[in-house]
**Student:** 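Take a look at the following structure, please.
Everything numeric in this text was worked out from a predicted model, so none of it was measured. Lettering of chains follows the sequences in order, A, B, ..., and the numbering in each one begins at 1.
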Amino acid sequence: MGNIGPDRMRAMTLRTRFAPSPTGHLHVGNARTALFSALLAAQADGEFILRIEDTDAERSRAEFETMLLADLAWLGLHWQEGPDLGGPHAPYRQSERSRIYRTYIDKLAGQGRTYPCFCTPGELALARKIQLAAGRPPRYAGTCARLTNAEIETRLAQGLKPALRFRVPDQGATEFDDLIRGAQRFAHKDIGDFVIRRADGSPAFFFSNALDDALMGVTQVLRGEDHLANTPRQLLILEALGLHAPRYGHLPLVLGAGSAPLSKREGGGSLQELRSAGILPEALVNYLARLGHVYAREDFLSLAELVRDFNVAHIGHAPAHFDHAQLEHWQREAIKHADSGRLWNWLAEMPKLAALVPAEQRADFIETVRGNLVRPAEARVWADIIFGERPELSDASRTAICSAGPAFFDAAIRALPEARTGFAGFANAVSAATGARGRKLFMPLRAALTGLEHGPEMERIWPLLTAARVKARLQHAAVLCK
RNA sequence: GCUCCCUUCGUCUAGAGGCCUAGGACGGAGCCCUCUCAAGGCUUAAACACCGGUUCGAAUCCGGUAGGGAGCGCCA
């Protein structure tokens, strides 16, 4: 012990990454991958980096990237390097790394590990169809793998633009130890030669993704299970390049309604939707951290606690369903645990709310309604009831008011001077004057004062109502059933 | 079709041969508490996909079957 110098320490730093494509909104499946990656890094006191994989010029859009970063930040994730922050391995946007890709592709080509492929998309699609029909795996048949130099020159001279394929050895197998699934082994004969550079010169995913992970010093990659069977291709590339490959861990997919995997095309389950539906990020994070991953504790955890107890060994192998009922539970928990400043900031996104609630009564208001909230819109309703004009009376409230009768409210108005001692004193005085007790006492008062049959405790609402509002509402109730 | 992955209550899961007549959480039902709703407390229904094998003993190990999923793209 004791001989671990700074360099060695740096070499051991755990680095994870999240590498989305800016081709749509972030959905909960990807958000979970990002979260797990961030938790893993934070737990090991390592680094979490963000890389934008925008090699598909057709579908990538700058505005999606902006939203991606905003969604991630909203979730509460922090990255140490990224397109917005820069860092020692910049640029962090693949569209800006063409020179790097060219260098490494040339290196592979120089080793004879690649060959140009002149097959057209139409030809390839047809070939796949025929293979599938014949009951064979739809793999690249190797049509261009044995082209002579002369043949290649001829086609190039004709102006044909080839894609570049990586030659996969036909013998042997690639093995690796998945962080989540353990030992894996894939035979090379089952892997067809694949494209690493498209005809337009842009790098393909298998290549740029693996290369960047290696170049950026990423040590652990957490990604969707859909990448598992393709991992050998990336390992083969890195091996040919003599680069150090990260350890990969493949997360089971997150399933949506109907057990279909969540995908961005489907539109459902995007963070944008949850966010505009008023879900608190703390709620989503608590839920996501437990979707396919177990914590010994089943109560609400802070981000620091989620980090501390995160464990790759606690990630399951089976796909998990995204369940709104469970999200709702964490939403209630998050509201229960948020401090009032935090809650106010969340609620203040609600239009008009801030204007309705007097600044000096914000904290009291929050604590009063907190137990009755699931969505910010409900706070609006209560702000209206407490600080607005005389509220609409619900049908049940009318019934409660009328069955108490005008005399009850006349007595209540007369009892108002007793209200100095708070709601309890007031209620006691009304009770003494009318003989009403329990439900028969409180329900008419609640109905008259709030217009609803249920809500926060009257004891708490009372101090927020001004004397003028109380009087006006009681007077209205007194004449309602005359 | 081939390769690979997966399979415990409705959902998330605990479980690594006897501690399991399978535990917890969410959701459901009921009761209690209570001025109401919520919260809280208590109770309750609800699962080892199937068939064989190994073993004194299997949710756990092995084999097969069924079902689900992914990959096999000039998408990522």
**Student:** Find the distance A/His317:NE2 to B/rG69:P and express it as a whole number of Å.
**Tutor:**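 In whole Å, B/rG69 P and A/His317 NE2 are 20 Å from each other.
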
**Student:** Please report the distance, rounded to the nearest Å, between CG in A/Asp170 and P in B/rC72.
**Tutor:**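 Going from CG in A/Asp170 over to P in B/rC72 covers 20 Å.
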
**Student:** Which nucleotide wins on minimum distance to the side chain of A/Phe186, given the candidates B/rA76, B/rC4, B/rU7?
**Tutor:**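 The answer is B/rC4, which lies nearest to the side chain.
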
**Student:** Is the phosphate of B/rA76 approached by A/Thr55 (side-chain N or O, under 4.0 Å from OP1 or OP2)?
**Tutor:**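 Result: yes.
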
**Student:** Please give the nucleotide sitting opposite B/rG1 as a Watson-Crick or G-U wobble pair, both distances under 3.5 Å, or none.
**Tutor:**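 With both distances under 3.5 Å, B/rG1 matches B/rC72.
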
**Student:** What residues form a side-chain hydrogen bond (donor to acceptor under 3.5 Å, both in side chains) with A/Trp79, not counting sequence neighbours?
**Tutor:**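 Testing A/Trp79 for side-chain hydrogen bond (donor to acceptor under 3.5 Å, both in side chains), a comparison that skips the adjacent residues, returns A/Asp84.
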
**Student:** Can you tell me the distance, in whole Å, between the CZ atom of A/Phe426 and the C1' atom of B/rC35?
**Tutor:**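 For the pair A/Phe426 CZ and B/rC35 C1', the rounded distance is 13 Å.
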
**Student:** Applying a 4.0 Å non-hydrogen cut-off, can you work out what A/Gly292 is touching in the nucleic acid: base, sugar-phosphate, or nothing?
**Tutor:**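 Sugar-phosphate, backbone atoms only, no base.
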
**Student:** Does a side-chain N or O from A/Arg198 land closer than 4.0 Å to OP1 or OP2 of B/rC75, or not?
**Tutor:**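 Answer yes for this pair, as a side-chain N or O of A/Arg198 is under 4.0 Å from OP1 or OP2.
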
**Student:** Quote, to the nearest angstrom, the P distance that separates B/rA58 from B/rA39.
**Tutor:**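 My reading of the P atoms in B/rA58 and B/rA39 gives 43 Å.
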
**Student:** Could you tell me how far apart A/Ile105 (CD1) and B/rC74 (P) are, to the nearest whole angstrom?
**Tutor:**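 That distance rounds to 14 Å.
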
**Student:** Could you tell me how far apart A/Phe300 (CZ) and B/rA39 (P) are, to the nearest whole angstrom?
**Tutor:**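 Going from A/Phe300 (CZ) to B/rA39 (P), I get 16 Å.
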
**Student:** Looking at B/rA76, B/rC75, B/rC74, which one has an atom nearest to any side-chain atom of A/Arg59?
**Tutor:**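 Closest nucleotide among those given: B/rC75.
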
**Student:** For nucleotides B/rA14 and B/rA49, find the distance between their P atoms and express it as a whole number of Å.
**Tutor:**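 Approximately 14 Å lies between the P atom of B/rA14 and that of B/rA49.
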
**Student:** Under 4.0 Å between a side-chain N/O of A/Asn209 and OP1 or OP2 of B/rA76, yes or no?
**Tutor:**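 No, A/Asn209 has no side-chain N/O under 4.0 Å of OP1/OP2 on B/rA76.
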
**Student:** With sequence neighbours left out, write down each residue that passes side-chain contact (heavy atoms from CB on, under 4.5 Å) with A/Ala396, or none if nothing qualifies.
**Tutor:**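 A/Ala396: side-chain contact (heavy atoms from CB on, under 4.5 Å) contacts with A/Ser394, A/Glu453.
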
**Student:** State which of B/rC2, B/rU36, B/rC72 makes the closest approach to the side chain of A/Arg139.
**Tutor:**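 Taking heavy atoms from C-beta onward, the closest nucleotide is B/rC72.
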
**Student:** Between B/rC37, B/rC72, B/rC74, which nucleotide has the shortest distance from any of its atoms to the side chain of A/Pro138?
**Tutor:**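 Side chain of A/Pro138 sits closest to B/rC72.
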
**Student:** Using the side-chain heavy atoms of A/Asp323, tell me which of these nucleotides is nearest: B/rC35, B/rG10, B/rC72.
**Tutor:**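 Nearest listed nucleotide: B/rG10.
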
**Student:** Using the side-chain heavy atoms of A/Arg332, tell me which of these nucleotides is nearest: B/rC74, B/rG27, B/rC37.
**Tutor:**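 Closest of the options to the side chain of A/Arg332: B/rG27.
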
**Student:** Given the C1' atoms of B/rA59 and B/rA22, what is the spacing between them in whole Å?
**Tutor:**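 Per the computed distance, 8 Å lies between those C1' atoms.
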
**Student:** Counting only Watson-Crick pairs (N1-N3 plus N6-O4 or O6-N4) and G-U wobbles (N1-O2, O6-N3), all under 3.5 Å, who is the partner of B/rG18?
**Tutor:**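 B/rG18 is paired, partner B/rC56.
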
**Student:** Report yes or no: is there a donor-acceptor pair, N or O only, under 3.5 Å between the side chain of A/Asn372 and the base of B/rC37?
**Tutor:**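 Pair found.
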
**Student:** Provide the distance between the two C1' atoms, one in B/rG52 and one in B/rU11, to the nearest whole Å.
**Tutor:**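 The same atom, C1', in both gives a distance of 32 Å.
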
**Student:** For A/His188 and B/rC4, what is the distance between atoms NE2 and C1' respectively, to the nearest whole Å?
**Tutor:**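 Rounded to whole Å, this separation is 15 Å.
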
**Student:** Could you pull out the closest heavy-atom pair between A/Val312 and A/Leu179, with the gap in Å?
**Tutor:**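 Minimum heavy-atom contact is CG1-O, 3.6 Å.
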
**Student:** Looking at B/rU7, which nucleotide sits across from it as a Watson-Crick or G-U wobble partner, both distances under 3.5 angstrom, or is there none?
**Tutor:**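 By the stated definition (distances under 3.5 Å), B/rA66 pairs with B/rU7.
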
**Student:** With distance as the sole criterion, is a donor-acceptor pair present between the side chains of A/Asn372 and A/Glu378 under 3.5 Å?
**Tutor:**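 The criterion, which ignores hydrogens and geometry beyond distance, is not satisfied for A/Glu378 and A/Asn372.
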
**Student:** Check every strand shown and say whether A/His250 touches a base, only sugar-phosphate, or nothing at a heavy-atom separation below 4.0 Å.
**Tutor:**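 Contact class for A/His250: none.
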
**Student:** Please report the distance separating the P of B/rA47 from the corresponding atom of B/rG40, rounded so that it comes out in whole Å.
**Tutor:**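 Their P atoms lie roughly 26 Å apart.
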
**Student:** Of the nucleotides B/rU13, B/rC26, B/rC4, which one has an atom closest to the side chain of A/Ala325?
**Tutor:**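 So the side chain of A/Ala325 is nearest to B/rC26.
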
**Student:** State whether A/Arg197 places a side-chain N or O below 4.0 Å from either non-bridging phosphate oxygen (OP1 or OP2) of B/rC74.
**Tutor:**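 No, because none of the side-chain N or O atoms of A/Arg197 sits under 4.0 Å from OP1 or OP2 of B/rC74.
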
**Student:** From the list B/rC35, B/rG69, B/rC74, which nucleotide is the closest neighbour of the side chain of A/Arg128?
**Tutor:**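 The answer is B/rC74.
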
**Student:** For the side chain of A/Phe205, counting heavy atoms from C-beta on, which of B/rA76, B/rU11, B/rC72 is nearest?
**Tutor:**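 Looking only at side-chain atoms, A/Phe205 lies closest to B/rA76.
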
**Student:** Taking all non-hydrogen atoms of both residues into account, name the closest pair between A/His317 and A/Ile180 and its distance.
**Tutor:**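 Between these two residues, the closest heavy atoms are NE2-O, 2.9 Å.
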
**Student:** RNA chain B: A/Trp330 or A/Met458, which has the more 5' nearest nucleotide?
**Tutor:**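 It is A/Trp330, whose closest nucleotide lies nearer the 5' terminus.
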
**Student:** Look only at the side chain of A/Arg233 and the backbone of A/Ile191, and say whether a donor-acceptor pair between them is shorter than 3.5 Å.
**Tutor:**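 Not at all, since once roles are kept as given, no pair shorter than 3.5 Å links the two residues.
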
**Student:** Tell me: CZ of A/Arg181 to C1' of B/rA70, nearest whole Å?
**Tutor:**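 My rounded result for the distance is 10 Å.
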
**Student:** Under 4.0 Å between any heavy atoms, over every strand shown, what does A/Arg223 touch: base, sugar-phosphate, or nothing? Just pick one.
**Tutor:**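 It contacts nothing in the nucleic acid.
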
**Student:** Considering non-hydrogen atoms only, spot the tightest contact between A/Phe48 and A/Ala34 and give its length.
**Tutor:**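 Shortest heavy-atom contact: CZ-O, 3.8 Å.
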
**Student:** Provide the distance between the two C1' atoms, one in B/rC12 and one in B/rG17, to the nearest whole Å.
**Tutor:**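 Taking atom C1' in both B/rC12 and B/rG17, they lie 26 Å apart.
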
**Student:** Considering only the P atoms, how many Å lie between B/rG64 and B/rC5, rounded to the nearest integer?
**Tutor:**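 Taking atom P in both B/rG64 and B/rC5, they lie 13 Å apart.
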
**Student:** Please tell me which of the listed nucleotides, B/rC74, B/rU13, B/rC4, lies nearest to the side chain of A/Leu228?
**Tutor:**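 Of all the options, the side chain of A/Leu228 is nearest to B/rC4.
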
**Student:** Distance check: side-chain N/O of A/Arg439 vs OP1/OP2 of B/rC37, anything under 4.0 Å?
**Tutor:**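 Checking B/rC37 against A/Arg439, no side-chain N or O comes under 4.0 Å of OP1 or OP2.
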
**Student:** In whole angstrom, give me the gap between the C1' atoms of B/rC31 and B/rU55.
**Tutor:**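 Rounded to whole Å, the distance is 46 Å.
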
**Student:** When the nearest nucleotide of RNA chain B is assigned to A/Gly192 and to A/Glu453 on a heavy-atom basis, which residue is associated with the more 5' position?
**Tutor:**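 Per heavy-atom nearest nucleotide, the more 5' residue is A/Glu453.
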
**Student:** In the structure shown, which nucleotide is the Watson-Crick or G-U wobble counterpart of B/rU44, with both distances under 3.5 Å?
**Tutor:**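 Pair assignment: B/rU44 / B/rG28.
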
**Student:** Considering just the side-chain nitrogens and oxygens of A/Lys336, establish if one lies under 4.0 Å of OP1 or OP2 belonging to B/rG40.
**Tutor:**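 Yes, A/Lys336 has a side-chain N/O under 4.0 Å of OP1/OP2 on B/rG40.
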
**Student:** With hydrogens left out and only the distance checked, is there a donor-acceptor pair under 3.5 Å joining A/Gln326's side chain and the base of B/rU11?
**Tutor:**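 Checked by distance alone, the answer is yes.
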
**Student:** Under a 3.5 Å limit for both distances, which nucleotide forms a Watson-Crick or G-U wobble pair with B/rU36, could you say?
**Tutor:**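 Paired with no nucleotide.
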
**Student:** Return no unless some side-chain N or O of A/His321 is found under 4.0 Å from OP1 or OP2 of B/rU11.
**Tutor:**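 So the side-chain polar atoms of A/His321 never come under 4.0 Å of the phosphate oxygens OP1 or OP2 of B/rU11.
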
**Student:** Taking 4.0 angstrom as the limit, do A/Arg59 and A/Asp54 come out as a salt bridge?
**Tutor:**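 Looking at A/Asp54 together with A/Arg59, the answer is no, because their closest N to O distance does not fall below 4.0 Å.
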
**Student:** Are any side-chain N or O atoms of A/His321 and backbone N or O atoms of A/Asp323, one a donor and one an acceptor, separated by less than 3.5 Å?
**Tutor:**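 Answer holds: no.
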
**Student:** Just how far, in rounded Å, is P of B/rA25 from NE2 of A/His329?
**Tutor:**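 It works out to 10 Å between those atoms.
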
